[in-house]
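A short worksheet on the structure shown next.
In what follows, residues are counted from 1 in the order of the sequence shown. Side chains are part of it too, since the values below use all heavy atoms of this structure and drop only hydrogens, waters and symmetry mates.
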Amino acid sequence: MPVHTPASNATTTDPPEQTNRIPDAPISVSMDRPLHIDRKEFTAYAKTFLGTPYKYGSADPDKGFDCSGFLYHIFQHYHVKSPRSSYNYEYVGQEVSLQHALPGDLILFRGENSRRIGHIGIITSNKIPLSFIHAAGTGTGVIISTFSGYYQKQFVKIIRVLE
């Protein structure tokens with residue numbers, strides 16, 4: 001920090017602070033291979049945000065989440081570098097069938113009146129009917145929904161990103 005000394009009318013600079021600080025978090029892990037995250041812990045952590053309001057463009061639980069912001073926040077907790085938009089999950093992970101879906105797998109949907117992926121959630125139960133947690137939209141926020149009706153119509157695929 002520059003320091004002005006009036007007597008000499010000169011400016012000196014304090015020496016930089018020496019820090020041997022250990023980083024708060026490890027370097028982010030990418031999603032290019034299956035992640036070593038416990039499925040039960042992953043879905044349990046996601047469920048702690050049930051009732052969080054919906055806020056478009058937000059990944060901040062204090063303000064609310066949109067669907068991809070919700071997943072982004074969950075993955076940040078595990079130091080994983082994840083996409084920030086739902087459509088960027090299209091080529092992530094390994095596609096699995098509905099019959100082989102497990103809690104912790106991600107479920108992708110088309111946006112309304114679109115062919116493009118526009119919504120995403122996390123499978124919470126693979127019992128029939130399947131259920132998933134997601135930031136559903138304005139007025140609902142983070143909820144658990146069953147895979148039926150509208151969601152079956154908009155369904156694109158399920159992807160596995162966890163081991």
### Message
Checking the side chain of Asn126 only, and the main-chain atoms of Ala101 only, is there a donor and an acceptor separated by less than 3.5 Å?
### Response
yes
### Query
Does any donor atom in the side chain of Ser68 or Ser85 lie under 3.5 Å from an acceptor atom in the other side chain?
no
### NZ (Lys157) with more than 12 external heavy atoms under 6.0 Å
yes
### Message
As an exercise, state the distance from CG of Asp38 to OH of Tyr78, rounded to the nearest 0.5 Å.
### Response
7.5 Å
### Task
Work out which heavy atom in Tyr89 is nearest to a heavy atom in Ser82; give both atom names and the distance.
OH-CB, 3.6 Å
### Passing candidate, side chain to side chain contact (heavy atoms under 4.5 Å, CB included) with Ser131, options Ile107, Thr124, Ile123
Thr124
### Task
Determine the sole option in Gln94, His100, Arg39 for which the side-chain hydrogen bond (donor to acceptor under 3.5 Å, both in side chains) test with Asp105 is passed.
Arg39
### Message
Measuring from atom CD of Gln76 to atom NZ of Lys81, what distance do you get when rounded to the nearest 0.5 angstrom?
### Response
9.0 Å
### Message
side-chain contact (heavy atoms from CB on, under 4.5 Å) for Ile144 and Lys47? Distances and angles first, verdict last.
### Response
CA-CA 9 Å; Ile144 294 177; Lys47 288 176 182 178; 4.1 Å; yes
### Query
Which heavy atom of Gly64 sits nearest a heavy atom of Ser58, and at what distance?
O-OG, 2.6 Å
### Message
Please give me the minimum heavy-atom distance between Phe155 and Leu98, naming the atom from each residue.
### Response
CZ-CD2, 4.0 Å
### Task
Identify the heavy atoms of Thr52 and Pro61 that sit nearest to each other, and give their distance.
CG2-O, 3.7 Å
### Message
Can a donor-acceptor pair be found, under 3.5 Å and without considering hydrogens, that links the side chain of Arg110 to the backbone of Lys153?
### Response
yes
### Task
Determine yes or no for a side-chain-to-main-chain donor-acceptor pair under 3.5 angstrom, with Lys40 supplying the side chain and Pro103 the backbone.
no
### Query
Would you find more than 12 non-hydrogen atoms of other residues, nucleotides or ligands less than 6.0 Å from Tyr72 atom OH?
no
### Query
Could you give the distance from CD (Glu95) to CD1 (Ile158), rounded to the nearest 0.5 Å?
9.0 Å
### Message
Taking Tyr151 as the starting point, is it possible to reach Ile159 by hopping between hydrophobic residues whose side chains are less than 4.5 Å apart?
### Response
no
### Query
Where is the tightest heavy-atom contact between Val142 and Phe70, given as atom of each residue plus distance?
CG1-CZ, 3.9 Å
### Summary
Smallest heavy-atom separation, Pro129 atom then Phe147 atom, equals CB-O, 4.3 Å
### Message
Tell me if the aromatic rings of Tyr150 and His119 count as close, with their centers under 6.0 Å from one another.
### Response
no
### Query
Which value, rounded to the nearest 0.5 Å, describes the distance between Cys67 atom SG and Ile122 atom CD1?
11.0 Å
### Task
Treating Ile, Leu, Val, Met, Phe, Trp and Tyr as nodes and any side-chain heavy-atom pair under 4.5 angstrom as an edge, say whether Val80 and Val92 lie in one connected cluster.
yes
#### Entry: Sidechain N-carboxylate O distance under 4.0 Å for Asp66, Arg84
yes
### Ring centre gap for Phe75 and Phe42 strictly below 6.0 Å
yes
#### Entry: Transitive ILVMFWY side-chain link Leu35 to Leu108, under 4.5 Å
yes
### Task
Treating Ile, Leu, Val, Met, Phe, Trp and Tyr as nodes and any side-chain heavy-atom pair under 4.5 angstrom as an edge, say whether Leu130 and Ile133 lie in one connected cluster.
no
### Message
Membership question, hydrophobic clusters at under 4.5 Å side-chain separation (ILVMFWY): are Leu71 and Val161 in the same one?
### Response
yes
### Message
Ring-plane angle category for His73 and Phe65, please: parallel below 30°, perpendicular beyond 60°, tilted otherwise.
### Response
tilted
### Separation between CZ of Phe49 and CD1 of Ile74, rounded to the nearest 0.5 Å
5.0 Å
### Query
When rounded to the nearest 0.5 angstrom, what distance separates CE in Met31 from CZ in Arg33?
13.0 Å
